[in-house]
There are 2 protein chains.
Amino acid sequence: MKKASLKDIAQQAGVSTALVSYVLNGKEKETRVGEAIAQKIRLIAKELNYQPNHLAKSLRSGKTHTIGLIIADISNPFFANIARVVEDEAKKNGYTVIIGSCDEHAEKSWDLLNVLINRQVDGFIIVSCEGSENQVHYLKERNIPFVLLDRHFPEIQTDFVATNNYKASYDAGIHLIKSGYKKIGIMAYKSNMYHMEERVRGYKHALRDNKIEFHDAWLKEVHFETMDSEVRTAIDEILASEQRVDAMIFATYGLAINALKYITELRLQVPSDLAIVSYGQAEVFDLYYCPITYVQQPLEMLGKTSVEFLLKKLKNPDEGMKQILMEAKLIARDSSKPKTSAVNG
Amino acid sequence: MKKASLKDIAQQAGVSTALVSYVLNGKEKETRVGEAIAQKIRLIAKELNYQPNHLAKSLRSGKTHTIGLIIADISNPFFANIARVVEDEAKKNGYTVIIGSCDEHAEKSWDLLNVLINRQVDGFIIVSCEGSENQVHYLKERNIPFVLLDRHFPEIQTDFVATNNYKASYDAGIHLIKSGYKKIGIMAYKSNMYHMEERVRGYKHALRDNKIEFHDAWLKEVHFETMDSEVRTAIDEILASEQRVDAMIFATYGLAINALKYITELRLQVPSDLAIVSYGQAEVFDLYYCPITYVQQPLEMLGKTSVEFLLKKLKNPDEGMKQILMEAKLIARDSSKPKTSAVNG
DNA sequence: TTTTTTAGATTAAACGATTAAGCAAAATAT
DNA sequence: ATATTTTGCTTAATCGTTTAATCTAAAAAA
């Protein structure tokens with residue numbers, strides 16, 4: 001029992017496929033289909049449990065109602081959460097999502113892009129990785145609709161939905177300072193990605209605005225690929241330095257996890273030995289013996305808005321560029337509680 | 001500058017599209033295409049950067065090289081990790097994966113199934129949820145290839161790849177008993193899913209084989225949807241009961257997380273007040289002040305094998321049924337360390 | 001020399017839908 | 001009664017491939 005096609009319905013109804021198509025697409029008015037025959041077609045369609053063939057539709061229309069989501073890694077909770085939001089929001093609008101993980105690797109990202117372009121996704125939502133500017137330019141040139149998510153390139157005019165990382169880091173810095181910490185370090189990825197630079201810049205400005213001199217040794221930049229080992233070295237160094245820090249900001253969830261493991265090994269007490277504020281969010285932060293203060297990014301909003309922007313663009317390609325920076329929220333916990341009883345609760 | 005099609009190449013080469021198709025699909029030998037013309041076609045194809053249109057191919061062949069992966073929730077680390085493995089393994093074989101989250105909800109799962117069938121995925125990898133037996137039967141009837149992953153229905157003959165949950169729970173129980181715990185509870189989902197029942201059965205048998213009488217109060221079954229509140233009640237009850245437990249097994253990651261949060265609130269010490277073994281795996285288990293003993297499922301193998309089974313089935317639909325149960329590994333940590341110095345290190 | 005075979009190409013249908021264009025009959029206008 | 005419009009439907013091209021069937025000329029065999 002094969003799937004029923006338009007033709008099958010047409011035959012049973014004794015009409016042409018055109019009529020069937022018109023009726024089933026609700027164009028009976030414009031195309032003046034007789035009411036009687038329309039009824040009949042609808043009935044037969046229901047009887048045969050007709051399901052239109054997406055492939056054929058897509059081939060004809062050039063639209064697949066599919067969007068490609070390129071992220072670093074679906075097994076990372078941040079991206080997994082984003083993916084879930086995107087999936088739901090897309091489904092709500094009749095779109096299907098194909099997710100690809102590029103491991104922060106421009107080459108993989110490029111492969112994914114091509115695979116998905118070949119599969120004729122209607123558009124992309126992309127969490128760009130370092131060195132993928134050419135890909136963004138490529139999409140622009142080829143006029144393939146896309147929205148950058150979470151990260152963007154300020155020197156390239158694109159739609160994007162991201163977090164105000166500068167502000168988030170600034171707030172994190174201020175928070176630590178207000179809590180009485182004066183020697184504050186930050187660990188970030190070695191990267192010239194704008195979002196990462198902003199996370200560092202915000203931190204620096206928080207220091208500056210509070211007359212705290214920034215020391216180069218306080219900034220630790222590690223490579224994504226070799227994070228596991230580099231984080232340890234970095235922590236060793238930052239604690240051994242002349243200007244030993246009493247607090248640290250971790251610019252990503254991955255960094256924080258690695259650091260926490262090492263800090264636990266070292267039997268350092270949080271926050272007395274080292275106060276902590278981290279980006280990202282996950283169960284660990286709640287359940288760590290000293291709950292971790294973190295920068296809560298508006299995941300839901302980021303995901304939803306990116307889908308919204310993309311779909312609008314698909315409906316109307318000529319619509320203006322949409323760019324939005326959303327504010328993160330600092331969730332204060334014990335890992336950054338006031339150093340002395342002097343300040344705050 | 002539109003994408004080049006077979007026709008474009010054919011025109012430039014001054015031949016028919018058939019020839020181009022033959023050459024580009026490596027059928028030049030069987031179909032006796034002249035060597036000279038074949039060269040020319042390949043050259044032009046390269047020049048025009050020809051990329052075949054997947055939609056057209058699929059429409060013709062009935063194969064989309066796409067597989068549907070239905071899981072409970074991509075934002076759950078267990079499934080996210082599985083998804084990643086599946087994604088990679090599929091890509092290695094030229095397949096694309098479409099992931100759908102059904103939230104342990106048979107109705108959503110059914111929707112997803114239909115959406116994906118309509119999108120003509122070639123086959124499915126499914127983590128079944130409660131009450132989805134009809135869906136499995138449906139797939140069998142319609143002869144749509146699929147492999148059940150992580151969970152299966154023993155009363156339905158299907159391909160599947162799963163963990164030996166009975167053995168895993170049995171091992172967990174034995175481990176606790178050997179560590180000196182005698183009053184061991186278990187928390188699971190209220191469910192008649194086989195994998196969940198097996199997790200409970202293994203635990204019970206571990207008790208039985210060690211002459212420990214099982215008390216009904218030791219088994220706490222909570223509903224997935226209302227887990228947050230029910231877990232608390234369950235813990236309260238199991239601790240207040242006459243046969244207060246000194247150790248607990250959590251049958252899923254989600255249960256463990258909720259329980260740990262509450263246990264922390266209650267200021268219970270792990271393992272002295274309550275020893276713990278949990279299913280699932282994630283950073284939390286490492287970073288909890290008392291690292292959590294957990295049942296490590298062979299994620300990578302599960303994912304890989306499920307893809308392998310499915311692809312084999314796609315190649316050769318008549319191949320026999322493939323079923324495999326993989327062994328989990330208990331990772332012993334401090335949360336279940338020996339109660340007295342009597343046993344073990 | 002005639003017939004058969006073979007190499008090398010083309011034609012056209014098919015996959016399942018959409019849709020512009022066309023056509024005949026009925027209804028309306030002149 | 002004739003011209004025009006409207007109604008209701010069909011035809012056929014199209015999207016980009018694949019592939020069975022066919023064709024043609026040249027080569028091989030009879």
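Residue numbers begin at 1 in each chain, while the letters A, B, ... track the order of the sequences.
The nearest whole Å value for the distance from the NZ atom in B/K40 to the P atom in C/dA9 is 11 Å. Here D/dG16 presents its P atom at 8 Å from CG of B/D8, a figure rounded to the nearest Å. Spacing between atom CZ of A/R119 and atom C1' of D/dT17 amounts to 15 Å, rounded to whole angstrom units. Whole-Å rounding puts the A/Q39 CD to D/dG8 C1' distance at 16 Å. Spacing between atom CD of B/Q11 and atom P of D/dG16 amounts to 12 Å, rounded to whole angstrom units. What separates NE2 of B/H65 from P of D/dT17 is a distance of 16 Å, to the nearest Å.
With sequence neighbours excluded, no residue forms a salt bridge (Lys or Arg N to Asp or Glu O under 4.0 Å) with A/D111. When the ring-ring contact (aromatic ring centres under 6.0 Å, His included) test is applied to A/H65, the partners found at least two apart in sequence or on another chain are A/Y95. A/K108 is linked by a salt bridge (Lys or Arg N to Asp or Glu O under 4.0 Å) to A/D103, counting only residues two or more places apart in sequence or in another chain.
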Side-chain donor-acceptor pairs of residues 37-52 of chain B under 3.5 Å, sequence neighbours excluded:
unit_1	atom_1	unit_2	atom_2	d
B/Q39	NE2	B/E35	OE2	2.9
B/R42	NH1	B/E28	OE2	2.5
B/Q51	NE2	A/N118	OD1	3.4

Tell me which donor-acceptor pairs under 3.5 Å the side chains of residues 155-163 of chain B have, and how far apart each pair is, sequence neighbours excluded?
unit_1	atom_1	unit_2	atom_2	d
B/D159	OD1	B/K313	NZ	2.8
B/D159	OD2	B/K322	N	3.2
B/T163	OG1	B/Q297	NE2	2.9

Review item, side-chain donor-acceptor pairs of residues 124-133 of chain A, under 3.5 Å, at least two apart:
unit_1	atom_1	unit_2	atom_2	d
A/E130	OE2	A/N192	N	2.9
A/S132	OG	A/C129	N	3.4
A/S132	OG	A/C129	O	2.7

Atom pairs, protein N/O to nucleotides 13-16 of chain C N/O, distance under 3.5 Å:
unit_1	atom_1	unit_2	atom_2	d
C/dG16	N2	A/A56	O	3.4

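At a non-hydrogen distance threshold of 4.0 Å, A/R32, A/V33, A/G34 from residues 22-36 of chain A come into contact with DNA chain D.
B/K27 and B/E30 are not joined by a salt bridge, as no carboxylate oxygen comes within less than 4.0 angstrom of a charged side-chain nitrogen.
Sorted by first and then second residue, the side chain to side chain donor-acceptor pair (under 3.5 Å) pairs involving residues 12-23 of chain A (not counting sequence neighbours) are A/S21-A/N25.
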